[in-house]
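The next block holds one structure in the form of structure tokens; read it before the comments.
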Protein chains: 2
Amino acid sequence: MQIQVNEKIFLKDPNSSELGKKIISNGIELINEIGLESFTFRKLATKLETTESSIYRYFESKHKLLLYLTSWYWGWLEYHLVFSTANISSAEERLKVAIKVISKDIPDNEMFGHINLGLLNKIVISESSKAYLTKQVDDANKEGFYAGYKRMVLRISEIIKELNPNFGFASTLTSTIIEGIHDQKYFAEHLPTLTDISGDSSVLTQFYTDMAISTIQQNTK
Amino acid sequence: MQIQVNEKIFLKDPNSSELGKKIISNGIELINEIGLESFTFRKLATKLETTESSIYRYFESKHKLLLYLTSWYWGWLEYHLVFSTANISSAEERLKVAIKVISKDIPDNEMFGHINLGLLNKIVISESSKAYLTKQVDDANKEGFYAGYKRMVLRISEIIKELNPNFGFASTLTSTIIEGIHDQKYFAEHLPTLTDISGDSSVLTQFYTDMAISTIQQNTK
DNA sequence: CAATAACGATAGTATTACTTTCAATTATGA
DNA sequence: TCATAATTGAAAGTAATACTATCGTTATTG
């Protein structure tokens with residue numbers, strides 16, 4: 001089972017070689033350690049005992065690497081969502097599962113092949129908005145670089161519409177929930193005044209589930 | 001009437017001189033034009049017909065300038081909020097006004113002294129999360145660089161608690177609303193699949209107001 | 001076994017993100 | 001008003017960043 005990522009994001013598929021896989025796995029570690037701003041291909045090359053030029057053969061910039069990581073993450077999470085909701089007939093139940101899937105805590109040692117899912121989740125929480133908060137967002141969007149995220153939002157929106165066909169804000173509610181979950185997790189760790197959440201994700205899941213259900217029901221005709 | 005900004009954010013108060021004011025007003029323009037990533041003090045210096053070193057006498061980095069702009073914005077918005085809610089006794093009404101204040105569209109030519117509020121609002125929407133999504137967030141927080149944002153969240157949280165003292169997620173709901181409003185405005189312009197919002201802010205205001213009210217009421221004992 | 005793809009090594013460029021020093025100008029208050 | 005301090009400008013310098021290019025060696029595969 002392989003997660004698909006838009007081919008225009010990379011120059012050479014990092015899954016096609018050992019070096020490519022190391023770039024991804026060590027890239028995830030290094031971005032977590034020092035943050036995206038301090039992260040450079042030179043530092044990653046040193047860590048890998050390879051050269052800058054070798055890394056540039058895979059990704060034309062660290063921004064593309066970030067796009068790769070976030071796209072991969074959304075691909076993986078979509079797979080997870082589809083799997084977790086496959087046998088559930090109730091739309092409300094599927095929505096609850098979806099929110100649980102998004103908000104679930106991932107331990108720092110959970111692996112999917114060579115990819116550390118826990119660390120990747122942390123990157124998504126603290127860096128992924130930088131993938132679209134850029135002047136190049138419209139070009140990147142045209143190239144389809146955000147397709148994974150959009151698919152995820154679409155899937156959940158459709159559950160919401162099934163729950164209440166008269167509700168006109170399924171996409172807005174979905175993206176509010178996804179971004180909200182990431183923000184709240186970040187705030188819990190760094191700016192606790194901005195949140196009532198702390199500890200594990202169960203309270204967070206509950207809050208957004210309640211919020212979603214009551215918001216959706218309210219607009220029922 | 002002067003908006004106060006934490007003095008540790010700047011080296012020299014940009015309000016204390018003509019050059020300082022130009023750094024702020026032209027900085028706002030230039031960040032809007034080319035985005036925070038491409039923005040440099042060298043380019044700003046060229047625009048101002050001054051030198052890099054002169055700008056560095058006011059701010060030690062462009063990140064500090066961003067912190068200044070966002071802090072100023074929250075200071076200004078808090079003033080606005082206090083003013084707009086001063087004579088309203090109903091907590092529900094005050095909450096509605098608060099959401100309106102945050103989501104209001106600001107025209108590109110609305111000025112407050114030398115500061116273009118419309119452009120500053122755009123910076124807050126597309127760049128302000130970068131002020132805290134950094135490895136230095138904890139140090140910056142200790143220095144009080146996010147005090148303005150936190151005060152804003154606190155004020156609105158208190159309205160929510162007044163509305164329903166049994167509701168335990170006032171801060172989470174407030175920060176979800178504020179961040180959500182910014183995200184939705186950004187999505188409306190750049191990633192429209194992720195939102196149901198388009199056009200002016202009235203629908204956005206209505207959505208978050210409804211969401212807030214129904215979420216708060218739900219947890220009433 | 002010949003071709004080709006992948007990688008490493010080295011070097012080079014323009015730009016960024018600053019810092020430092022010193023001289024000229026401007027404001028201020030004794 | 002004159003001395004003093006504060007402000008700005010000009011110039012130069014540094015280390016790091018974000019790449020690009022070339023070339024030789026080593027694997028891989030057909």
Side-chain angles (χ1 to χ4, degrees), chain A residues 7-27 30-31 33-69 114 127 130-131 133-136 139-140 145, chain B residues 7-27 30-31 33-69 114 127 130-131 134-136 139-140:
Chain A
E7 300 206 343
K8 286 184 207 150
I9 289 179
F10 48 78
L11 297 168
K12 185 188 298 191
D13 187 353
N15 246 311
S16 69
S17 73
E18 278 313 303
L19 180 61
K21 285 173 195 163
K22 276 190 196 167
I23 289 170
I24 301 303
S25 58
N26 289 268
L30 191 54
I31 291 173
E33 275 168 43
I34 63 177
L36 190 68
E37 272 61 48
S38 303
F39 173 88
T40 68
F41 280 175
R42 187 174 292 252
K43 289 173 187 166
L44 180 57
T46 305
K47 183 174 169 137
L48 292 180
E49 289 179 304
T50 180
T51 57
E52 254 185 301
S53 53
S54 297
I55 298 175
Y56 275 106
R57 285 185 186 110
Y58 288 84
F59 293 103
E60 64 184 27
S61 65
K62 73 169 165 183
H63 191 250
K64 286 284 175 72
L65 175 59
L66 176 66
L67 284 167
Y68 182 91
L69 296 178
H114 57 294
E127 315 283 7
K130 296 169 190 167
L133 292 175
T134 145
K135 275 281 161 183
Q136 293 81 48
D139 292 332
F145 294 167
Chain B
E7 300 207 343
K8 286 184 209 151
I9 289 179
F10 49 77
L11 297 168
K12 186 188 296 191
D13 187 353
N15 248 311
S16 69
S17 73
E18 278 313 303
L19 180 62
K21 285 173 194 163
K22 276 190 196 168
I23 290 170
I24 301 303
S25 57
N26 288 268
L30 192 53
I31 291 172
E33 275 169 43
I34 64 177
L36 190 68
E37 271 62 49
S38 304
F39 173 87
T40 68
F41 280 175
R42 187 174 292 252
K43 288 174 187 165
L44 181 58
T46 305
K47 183 172 167 138
L48 293 180
E49 289 177 305
T50 179
T51 59
E52 255 184 301
S53 54
S54 297
I55 297 176
Y56 275 106
R57 286 188 185 107
Y58 289 84
F59 294 102
E60 64 184 27
S61 65
K62 74 169 164 181
H63 191 250
K64 285 284 174 74
L65 174 59
L66 177 66
L67 284 168
Y68 182 91
L69 295 179
H114 58 292
E127 314 284 6
K130 296 169 190 166
T134 146
K135 275 279 161 182
Q136 293 81 48
D139 291 332

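Below, chains carry the letters A, B, ... as their sequence lines are ordered, and counting in each starts from 1.
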Contact span of DNA chain D against chain B, any nucleotide atom under 4.0 Å from a heavy atom, 5' to 3', runs D:dT7 to D:dA11
Whole angstrom is fine here: how far is it from [atom1] in [X] over to [atom2] in [N]?
X       : N      : atom1 : atom2 : value
B:Phe41 : C:dT19 : CZ    : P     : 11 Å
A:Ile55 : C:dA6  : CD1   : C1'   : 14 Å
B:Leu11 : C:dA17 : CG    : P     : 16 Å
B:Arg42 : C:dT16 : CZ    : P     : 8 Å
A:Ile23 : C:dC7  : CD1   : P     : 8 Å
A:Glu52 : C:dG8  : CD    : C1'   : 13 Å
B:Lys62 : C:dT15 : NZ    : C1'   : 12 Å
A:Phe59 : C:dA6  : CZ    : C1'   : 16 Å

query = Is there side-chain contact between A:Pro14 and A:Ile24, with heavy atoms separated by less than 4.5 Å?
reply = yes
Checklist entry - Is there side-chain contact between A:Leu36 and A:His63, with heavy atoms separated by less than 4.5 Å? => result no
Output yes when at least one side-chain N/O atom of [X] is less than 4.0 Å from OP1 or OP2 of [N], else no.
X       : N      : result
B:Ser61 : C:dA17 : no
A:Lys12 : C:dC7  : yes
A:Thr51 : C:dA9  : no

Contacts of A:Thr50 and B:Phe39 projected onto DNA chain C by closest heavy atom; the upstream (5') one is A:Thr50
Notebook entry, point to check: Could you go step by step and tell me if A:Glu49 and A:Lys22 meet the salt bridge (Lys or Arg N to Asp or Glu O under 4.0 Å) rule?
Noted result: CA-CA 11 Å; A:Glu49 289 179 304; A:Lys22 276 190 196 167; over 6 Å; no
Between A:Phe59 and A:Phe41, the two heavy atoms sitting closest are O-CE1, 3.5 Å
Here the pair of heavy atoms bringing A:Ser38 nearest to A:Lys43 is O-NZ, 2.7 Å
A:Tyr58 has its side chain closest, among C:dG8, C:dG12, C:dA6, to C:dA6
Practice item. Check whether the side chain of B:Glu60 and the base of C:dC18 form a donor-acceptor pair under 3.5 Å. Key: no
Whichever of A:Arg57 and A:Thr40 has the more 5' nearest nucleotide on DNA chain D, that residue is A:Thr40
